[in-house]
2 protein chains.
Amino acid sequence: MAKYNVIMDYGNNDLGKILKQQRITVPLTLQELAKASGVSSSHLGRIERGERFPSARILRKIAKPLGFDEDELFTLAGFLSPQSSGVAEDGSSRYAGRQLDPYVAKMLAEEPVEVQRAVIGILSLIKSIARGMAQEVKK
Amino acid sequence: MAKYNVIMDYGNNDLGKILKQQRITVPLTLQELAKASGVSSSHLGRIERGERFPSARILRKIAKPLGFDEDELFTLAGFLSPQSSGVAEDGSSRYAGRQLDPYVAKMLAEEPVEVQRAVIGILSLIKSIARGMAQEVKK
DNA sequence: ATTATATTTTGCCAATTGGCAAATGTCAAC
DNA sequence: GTTGACATTTGCCAATTGGCAAAATATAAT
């Protein structure tokens with residue numbers, strides 16, 4: 001970063017995707033998040049699609065409604081280096097490739113929490129059966 | 001903060017004094033700190049006397065030359081609340097009703113997307129069976 | 001005092017942030 | 001299809017950030 005930046009980066013946007021993913025997963029609309037955080041929905045939208053970069057003040061405001069720890073978001077945004085604060089990893093390892101499909105999140109969110117948890121119960125049952133099968137084959 | 005801030009605060013400056021104090025005691029001149037941190041000396045000067053407020057990026061750059069921990073400075077600047085780490089999430093109470101349970105989200109997110117979608121498929125299958133049963137009972 | 005030199009401050013301006021309001025897109029119900 | 005109720009995006013603009021270069025101020029040496 002020798003001089004000024006070459007006018008808005010516009011590509012290479014991880015933070016926006018993470019924020020959007022989290023907002024969808026919660027789930028919230030831009031307007032709801034705007035109301036909960038006190039940041040305008042238009043600004044939030046631009047941040048998500050990488051047209052604006054959030055300041056620390058904005059990041060701090062949206063942290064709680066999205067269920068992030070403050071320092072977690074700061075680290076994700078590159079304001080804080082990974083080893084500072086309690087966040088051990090570099091962010092990409094935690095969120096890249098391990099995300100909840102938005103459609104799935106939307107569907108499940110419509111169910112009562114008991115049903116949601118029951119679904120997870122069934123999933124682990126299936127997985128344990130699969131493990132059993134793998135044992136059989138090996139024998 | 002309802003709207004915009006009433007144009008530059010200009011009074012009530014702790015951070016600037018702390019930064020200047022630290023720079024003097026290191027000791028460094030504005031120009032030396034500028035060179036060591038990559039922030040212009042004029043900007044640093046204005047920050048010290050409270051005419052500008054440093055962004056997170058700037059704060060991060062000057063932390064090491066001044067011998068601060070990053071999160072220490074962030075806390076001083078009010079970007080980070082004093083006891084920032086270790087806050088467990090409580091989102092379920094706030095957005096009751098239409099939310100995805102955090103535990104469920106975490107569990108599901110660890111599965112590949114195909115599995116996530118398969119789970120939803122199974123769920124709708126079960127629901128359709130349940131609907132059939134409800135019909136039987138009514139008859 | 002007077003020049004030389006180092007340090008800080010100021011004037012100016014491009015870049016960026018973030019809000020409001022209007023435009024646009026989406027989607028279900030009729 | 002149209003209406004209405006949403007959500008998201010866009011146009012515009014005020015406020016702020018931060019750099020460069022020149023001006024002011026302090027410091028030292030002769």
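All values reported here derive from a predicted model rather than from experimental measurement. Keep in mind that the numbers below use all heavy atoms, side chains included, and drop hydrogens, waters and symmetry copies. We name chains A, B, ... by the order of the sequence lines, and we start the count at 1 in each one.
With rounding to whole Å, Glu48(A) atom CD is found 15 Å from dG18(C) atom C1'. For Leu28(B) and dT7(C), the CG to C1' distance is 13 Å, given to the nearest whole Å. For the pair Lys61(A) NZ and dG19(C) C1', the interatomic distance rounds to 11 Å; values are reported in whole Å. For Glu51(B) and dT10(C), the CD to C1' distance is 9 Å, given to the nearest whole Å. Here dA21(D) presents its P atom at 13 Å from CD of Gln31(B), a figure rounded to the nearest Å. dG11(D) atom P lies 17 Å from atom NE2 of His43(A), rounded to whole Å. One can place CZ of Arg52(A) at 11 Å from C1' of dC13(D), the figure rounded to the nearest angstrom. The NZ atom of Lys35(A) sits 16 Å away from the P atom of dG19(C) (whole-angstrom rounding).
When heavy atoms are screened at a 4.0 angstrom cut-off, Ser40(B) is found touching base atoms of the nucleic acid.
Contact annotation: Arg49(B) side-chain N/O to dT10(C) OP1/OP2 distance is under 4.0 Å. The phosphate of dG18(D) (OP1 or OP2) has a side-chain N or O of Arg57(B) nearer than 4.0 angstrom.
Of the inter-residue distances, the one linking Phe74(A) atom CZ with Asp71(B) atom CG reads 11.0 Å to the nearest 0.5 angstrom.
Side-chain contact check for Leu44(B) versus Ser37(B): some heavy-atom pair is nearer than 4.5 Å. Between Glu48(A) and Leu30(A) the shortest side-chain heavy-atom distance falls below 4.5 Å. The shortest side-chain heavy-atom distance between Leu73(B) and Leu19(B) falls under the 4.5 Å cut-off.
A donor N or O paired with an acceptor N or O is found under 3.5 Å between the base of dC20(D) and the side-chain atoms of Ser42(B). The base of dG11(C) sits with one of its N or O atoms less than 3.5 Å from a complementary donor or acceptor on the side chain of Arg46(B).
Arg46(A) pairs by the salt bridge (Lys or Arg N to Asp or Glu O under 4.0 Å) definition with nothing, not counting sequence neighbours.
Among the nucleotides dT10(D), dA7(D), dG19(D), the one closest to the side chain of Ile58(B) is dG19(D).
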